[in-house]
Amino acid sequence: MKANRKSTQLIHTDRYAELRLILEDRRRELSTEIQSKMRAVRAIGPADSAQGVVDAEEASVSDIQEDIEIALMQMKAETLSRVTEALSRLEEGSYGFCYECGEEISQPRLRALPFALRCKDCEEERELAAAREKFVSTRRGSTSILMDMTS
Ligand SMILES: [Zn+2]
């Protein structure tokens, strides 16, 4: 299962050495957090059932907290997979190139967003397209509200 050994055999250019360190740090940090959270969730479980009777209010509060914890953990797990993906792209040598146009992503951009998949231009284009889509759907939404009000 461990694919880490491969990385030591590959020669990395200095260009990405710093980013690699950032990504590896991030990966270590995230997996530690996720692991400790998972242990905490597991620890909460049996304690709850041992108490036996929990009134509804208490139960719902702990449910909400649990939901938040799970949502946070999912977010962290997602980031972790992006970091891992970036690291594997680094190993493949495809790291730092735009997913859309294949152009090199600028260093300042990568430093700010170590797991950016697109260059600035392509990302902006994508965001613009997404914003346009959102604009259309919100306009549609407000039109229907207006129609509701007038009817
Ligand atoms: Zn691009």
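In this chain, residues are counted from 1 in sequence order. Excluded from the calculations below are hydrogen atoms, water molecules and symmetry mates; all remaining heavy atoms, backbone and side chain alike, are included. All ligand and atom numbering here is 1-based and tracks the order in the structure.
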| said: Let me check something: do Leu80 and Leu117 share a hydrophobic cluster, defined by ILVMFWY side-chain heavy atoms less than 4.5 Å apart, either directly or through other members? | reply: no

| ILVMFWY cluster, Leu30 and Ile22 together (side-chain gap under 4.5 Å) |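 The answer is yes; both residues are in one hydrophobic cluster.
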
| field | Flag if over 12 foreign heavy atoms under 6.0 Å of CD, Gln107 | value | yes

| task | Give me the protein N, O or S atoms that fall under 2.8 Å of the Zn ion (ligand 1), sorted by chain and residue number. | result |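 Checking every protein N, O and S atom gives Cys98 SG, Cys101 SG, Cys119 SG, Cys122 SG.
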
| request: Starting from the C-alpha separation in whole Å, work towards a yes-or-no answer on side chain to side chain contact (heavy atoms under 4.5 Å, CB included) for Gln74 and Ile70. | output: CA-CA 6 Å; Gln74 273 170 346; Ile70 289 164; 4.2 Å; yes

| Test applied, side chain to side chain donor-acceptor pair (under 3.5 Å); reference residue, Glu24; option that passes from Arg28, Arg20, Arg27 |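 Option passing the side chain to side chain donor-acceptor pair (under 3.5 Å) with Glu24: Arg20.
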
| message | Between Arg109 (side chain only) and Arg118 (backbone N and O only), is there a donor and an acceptor less than 3.5 Å apart? | response | yes

